[in-house]
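Positions are given from 1, in the same order as the sequence printed here.
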Amino acid sequence: MTSTLGRPRHATAHIRLRVAHALAGGTAAAVWLLLPATAHAPGHPVAVPAAVSPTAGSAPVVSAPASAPVVAASYGTARTAAAPDSAEQDGSAVDLALPLVVAVAAVVVAGYGYVRRTRRVRTRTTPAVPPSAPPVPSTGEAERRAREALVRADDCVRASAEELSYVEEPEGGPAREALRAAEAELASAFAIFRRCTEGVPEDAHARRQALVGVVGRCEEAGGRLDMAAAALDQLRGLQAGVGAALGVAERGFRELTARAAGAQGTVAALRERYGVRADEYTEVALDRLVFATARLNETRRAADSGDALRAARQLRAAEGAIAQAGVQVDGVERLASQLDAAAALIPLALAAAEEDPAARARAEEVLTAVRETPQPYDPLDALRRITAAVRRPGEERAEVLYEAARLVAEAAVEEAADYLAVRRGAVGADARTLLAAARQALAATDRRAEYDAEADVLARRARESAEDDMRAYASPYAEEPGHPAGLAGAVLGGVLLGEEPDGGPPVSYGGPGTRDRRRLS
């Protein structure tokens with residue numbers, strides 16, 4: 001507990017005790033000073049013993065002078081009042097001075113102790129007793145912490161989902177439940193953070209509290225994954241051996257390698273037919289597959305030599321790379337399907353727009369431009385222009401226009417998600433927040449036209465923000481010679497944590513406290 005000034009209560013009590021001691025000493029000294037003065041005050045008799053006759057062998061006793069006045073004691077015994085001489089006056093002076101010196105000394109000692117303690121508190125370098133509540137961070141500091149927490153929690157959720165993809169559904173029940181709970185906490189954290197970056201709430205204190213809440217939700221998400229990590233490890237049994245898991249990874253690798261070769265042909269066809277360049281999909285996929293090849297070989301060698309820890313480490317790195325290669329190959333196949341669907345919808349969307357007089361009047365220029373666009377052209381972009389031209393909030397439209405808007409939004413969200421998934425080592429909180437908002441808008445069921453349009457805009461902003469982060473990213477591995485093939489891409493994609501010269505440990509299912517547990521000591 002602390003006082004209102006931040007000083008520990010026991011320190012204040014200690015100072016009060018010193019002051020009390022000083023006052024007690026001063027009071028005692030004052031009493032000592034006043035008693036002799038009272039006893040020797042004028043008009044008060046001083047009792048002296050009566051004359052005693054000397055006895056044999058004793059020292060002579062001088063009797064009181066005959067002229068001394070005799071004062072009757074209260075008990076009726078006559079006493080002789082001795083007149084003060086010079087020796088008695090000296091004794092009285094000493095009796096008066098000594099208490100005064102003691103009182104002054106007591107006050108000086110108490111004051112010196114207080115001054116010394118105050119100076120020591122102000123100039124000490126050792127930590128003071130911590131206050132009961134931590135200091136409130138500034139708004140800027142709270143936002144910085146929230147950004148870091150969001151990136152860390154999002155990485156943990158993504159990596160956990162990647163490893164969980166190698167576990168059968170019935171067996172991964174508890175781990176999947178923890179992942180779903182973590183995803184829910186993270187979604188709420190992203191929603192709160194987005195409102196804060198937009199200035200809601202306006203009050204600075206309330207906004208700081210909201211940012212602190214973002215950090216708390218991220219920590220809760222990571223904590224849930226941490227709690228389930230040990231159970232997943234026991235389920236997979238990689239500590240005892242990687243035999244079965246290695247077989248699963250190798251089969252997936254071979255299947256994905258064949259699909260990646262087909263994806264290269266698909267990319268070439270999309271470029272020729274629609275003028276859409278999707279080469280980055282296959283480039284990233286091949287980079288991750290090259291990295292996975294080396295790690296699978298290392299896994300096999302470690303398993304053969306009986307080094308279970310090293311085998312599990314290499315296997316997890318291979319699994320992460322294979323999962324990201326799969327994301328890119330899936331992206332090529334999905335993009336081809338979406339472009340074909342958009343191309344088929346364009347004539348229907350144009351016809352529906354022309355049948356609506358109000359829509360045709362607003363969008364005639366755009367509709368004409370789309371019709372006259374030379375081949376090849378991007379049908380998703382053309383469909384986006386059509387739906388944007390005829391869209392007015394609250395107006396009913398033909399069902400085909402809703403379908404077109406939905407297709408455009410889904411394509412934008414999934415494209416942004418694919419881009420972030422394999423570059424999360426470079427992407428910051430802004431792009432991730434925008435992507436989360438786009439997914440939330442896409443999941444809305446009411447006012448679907450407005451929300452689909454919002455999802456499209458947010459997803460494209462997320463992609464742009466991620467590209468900005470990529471341009472500012474400097475890989476610590478790409479420019480140094482001697483690194484294994486695919487190492488820089490694995491660190492960029494978050495397959496490896498990048499904390500060591502060899503790329504660091506692979507990420508595993510878990511939160512910040514457990515995701516790097518496959519670290520070689």
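For D287, the side-chain hydrogen bond (donor to acceptor under 3.5 Å, both in side chains) criterion is met by no residue, not counting sequence neighbours. Listed by chain and number, the residues in a salt bridge (Lys or Arg N to Asp or Glu O under 4.0 Å) with E410 are R406 (sequence neighbours excluded). Looking at residues two or more places apart in sequence or on another chain, you find no side-chain hydrogen bond (donor to acceptor under 3.5 Å, both in side chains) involving Q239. Taking the salt bridge (Lys or Arg N to Asp or Glu O under 4.0 Å) definition, one finds that R259 meets it with D330, E333, sequence neighbours left out. Considering only residues two or more places apart in sequence or on other chains, Q338 meets the side-chain hydrogen bond (donor to acceptor under 3.5 Å, both in side chains) condition with E414. With sequence neighbours left out, the side chain to side chain contact (heavy atoms under 4.5 Å, CB included) criterion links D155 to V151, R424, R432, R515. Every residue two or more places apart in sequence or in another chain was checked for a side-chain hydrogen bond (donor to acceptor under 3.5 Å, both in side chains) with Q328, and none qualifies. Legend: residues meeting salt bridge (Lys or Arg N to Asp or Glu O under 4.0 Å) with D418, ordered by chain and number and at least two apart, are R334. In this structure, the salt bridge (Lys or Arg N to Asp or Glu O under 4.0 Å) partners of D279, at least two apart in sequence or on a different chain, are R271, R277. Every residue meeting the side chain to side chain contact (heavy atoms under 4.5 Å, CB included) condition with A317, not counting sequence neighbours, appears here in chain and number order: F291, R295, L496, P506.
Atom CZ of F190 sits about 10.0 Å away from atom CG of L434, to the nearest 0.5 Å. Residue D452 holds its CG atom at 9.0 Å from OG1 of T387, rounded to the nearest 0.5 Å. Distance CD/E464 to OH/Y419: 11.0 Å, rounded to 0.5 Å. Interatomic distance, CG of D154 versus CD of E183, reported as 10.0 Å (0.5 Å rounding). Rounded to the nearest 0.5 Å, atoms CG (L225) and SG (C156) are 6.5 Å apart. With rounding to the nearest 0.5 Å, the separation of CG in L345 from CG in D340 is 11.5 Å.
Within 6.0 Å of CD on E148 lie more than 12 heavy atoms contributed by other residues, nucleotides or ligands. Under a cut-off of 6.0 angstrom, the local environment of CD in E365 is sparse, with at most 12 non-hydrogen atoms contributed by other residues, nucleotides or ligands.
A cation-pi arrangement, defined by a distance under 6.0 Å to the six-membered ring centre and an angle within 45 degrees of its axis, is present between R397 and Y402.
Closest of all the heavy-atom pairs between Y166 and A323 is OH-N, 3.7 Å.
Salt-bridge check for R144 with E141: passed, with a basic side-chain N closer than 4.0 Å to an acidic carboxylate O. R463 and E467 are joined by a salt bridge, as a carboxylate oxygen and a charged side-chain nitrogen come within less than 4.0 angstrom of each other. No salt bridge links E162 with R288; every basic N to acidic carboxylate O contact stays at or beyond 4.0 Å. Of the charged side-chain nitrogens involved, none lies within less than 4.0 Å of a carboxylate oxygen, so that R518 and E319 do not count as a salt-bridged pair. In summary, D456 and R391 do not engage in a salt bridge, as defined by a charged side-chain N under 4.0 Å from a carboxylate O.
Sorted by first and then second residue, the side chain to side chain donor-acceptor pair (under 3.5 Å) pairs involving residues 201-212 (not counting sequence neighbours) are T139-R208. Counting only residues at least two apart or in different chains, salt bridge (charged side-chain N to carboxylate O under 4.0 Å, His left out) contacts with residues 223-232 comprise E220-R224.
Checked by atom type and distance alone, the side chain of R176 pairs as donor or acceptor with a backbone atom of L164 at under 3.5 Å.
The side-chain heavy atoms of V422 and Y281, taken from C-beta on, include no pair separated by under 4.5 Å.
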